[in-house]
Amino acid sequence: MHEMGIVQSIMEILDQQASIHNVRKIVRVRLEFGALTAVMPEAIRFAFDVLSKDTVAENAELDIAIIPIKVYCLDCLKEHILENYQPLCPSCNSGALQIV
């Protein structure tokens with residue numbers, strides 16, 4: 001579960017920033033992940049709940065957004081937003097996709 005390691009790094013950043021800015025309580029954290037990272041939002045939530053205990057981020061609201069994949073087809077010259085990675089262009093079925 002690589003989400004635990006990701007959240008550990010996030011907690012370190014939150015603690016550092018809270019210390020720098022003299023913050024005693026973090027009430028909301030917004031995270032954005034690209035769809036290709038294969039991050040599972042529920043695993044992130046679980047890890048955050050566990051690792052934020054007794055920290056400035058304990059009980060903070062956690063907003064997670066998954067950024068869809070944007071591709072450009074080198075054959076039909078169209079750009080597409082994909083919810084899940086597909087190796088073929090939705091317009092022309094070409095495999096000549098470039099991730100934007």
Side-chain angles (χ1 to χ4, degrees):
M1 179 158 104
H2 73 290
E3 286 85 355
M4 192 65 79
I6 292 168
V7 174
Q8 278 181 314
S9 295
I10 291 167
M11 292 307 303
E12 290 172 12
I13 293 166
L14 292 175
D15 286 340
Q16 289 170 357
Q17 291 300 309
S19 179
I20 290 168
H21 298 286
N22 232 5
V23 171
R24 292 182 209 159
K25 181 90 174 131
I26 296 173
V27 296
R28 185 175 183 186
V29 176
R30 176 162 172 81
L31 303 174
E32 294 182 351
F33 297 98
L36 289 177
T37 62
V39 165
M40 297 175 59
E42 289 311 311
I44 291 288
R45 287 184 198 289
F46 174 78
F48 187 82
D49 288 344
V50 169
L51 295 173
S52 66
K53 294 265 190 263
D54 300 322
T55 72
V56 294
E58 185 173 14
N59 298 319
E61 181 182 341
L62 185 60
D63 293 334
I64 300 173
I66 303 297
I67 308 302
I69 305 157
K70 185 187 288 188
V71 295
Y72 179 75
C73 179
L74 300 172
D75 286 336
C76 72
L77 308 178
K78 292 183 180 175
E79 195 170 89
H80 298 280
I81 302 292
L82 307 176
E83 291 301 319
N84 298 306
Y85 181 71
Q86 306 156 10
L88 300 175
C89 174
S91 293
C92 71
N93 252 2
S94 168
L97 297 180
Q98 182 177 37
I99 297 173
V100 179

- Residue pair Val71, Leu82: steps toward the side-chain contact (heavy atoms from CB on, under 4.5 Å) verdict: CA-CA 7 Å; Val71 295; Leu82 307 176; 3.8 Å; yes

- Looking at side-chain heavy atoms only, is the closest gap between Met4 and Leu51 below 4.5 Å? yes

- Query: Between CD of Gln17 and CG of Asn22, what distance do you get to the nearest 0.5 Å?
  - Reply: 12.5 Å

- Does one hydrophobic cluster hold both Leu97 and Ile67, with members joined at side-chain heavy-atom distances below 4.5 Å? no

- More than 12 non-hydrogen atoms from neighbouring residues, nucleotides or ligands closer than 6.0 Å to NZ on Lys70, yes or no? no

- Message: Starting from Ile44, can I reach Ile13 by hopping between I/L/V/M/F/W/Y residues whose side chains sit under 4.5 Å apart?
- Response: no

- Task: Dump the intermediate steps for side-chain contact (heavy atoms from CB on, under 4.5 Å) on Cys73 and Cys92, then the final yes or no.
- Result: CA-CA 9 Å; Cys73 179; Cys92 71; 3.6 Å; yes

- Message: If I compare all heavy atoms of Ile64 with all of Pro41, which pair ends up nearest, and what's the gap?
- Response: CD1-O, 3.6 Å

- Message: Count I, L, V, M, F, W, Y as connected when their side-chain heavy atoms are under 4.5 Å apart, and connections chain through other members. Are Ile69 and Leu74 then in the same cluster?
- Response: no

- If you link I, L, V, M, F, W and Y whenever their side-chain heavy atoms are under 4.5 Å apart, who else ends up in the same group as Val27? none

- Please test Cys89 against Lys78 for side-chain contact (heavy atoms from CB on, under 4.5 Å), starting from the C-alpha separation and ending with a verdict. CA-CA 9 Å; Cys89 174; Lys78 292 183 180 175; 5.6 Å; no

- Message: Ignoring hydrogens, what is the shortest heavy-atom contact between Asp15 and Val56? Give both atom names and the distance.
- Response: OD1-CG2, 3.9 Å

- In short, Thr37 meets His2 closest at the heavy-atom pair O-NE2, 3.7 Å

- All heavy atoms of Ala35 vs all of Ile66, minimum pair found to be CA-CG2, 3.8 Å

- Task: Check the pair Ile99 / Leu36 against side-chain contact (heavy atoms from CB on, under 4.5 Å), numbers first and verdict last.
- Result: CA-CA 10 Å; Ile99 297 173; Leu36 289 177; 3.5 Å; yes

- Donor-acceptor pair, side chain of Glu3 and main chain of Met40, under 3.5 angstrom: yes

- Item | For the student: nearest non-hydrogen atoms of Ala60 and Ile26, plus distance | CB-O, 3.3 Å

- Among pairs that include at least one residue of residues 37-47, which meet salt bridge (charged side-chain N to carboxylate O under 4.0 Å, His left out), considering only residues two or more places apart or in two chains? Glu42-Arg45

- Message: Nearest 0.5 angstrom please: Glu58 CD to Lys25 NZ, how far?
- Response: 6.5 Å

- Message: To check you understand the geometry: which heavy-atom pair defines the closest contact between Ser91 and His80, and what is its length?
- Response: OG-CE1, 2.8 Å

- Query: How about Phe48 and Leu31: do any of their side-chain heavy atoms sit closer than 4.5 Å?
  - Reply: no

- Query: So do the side chains of Leu77 and Tyr72 get within less than 4.5 Å of each other, counting heavy atoms only?
  - Reply: yes

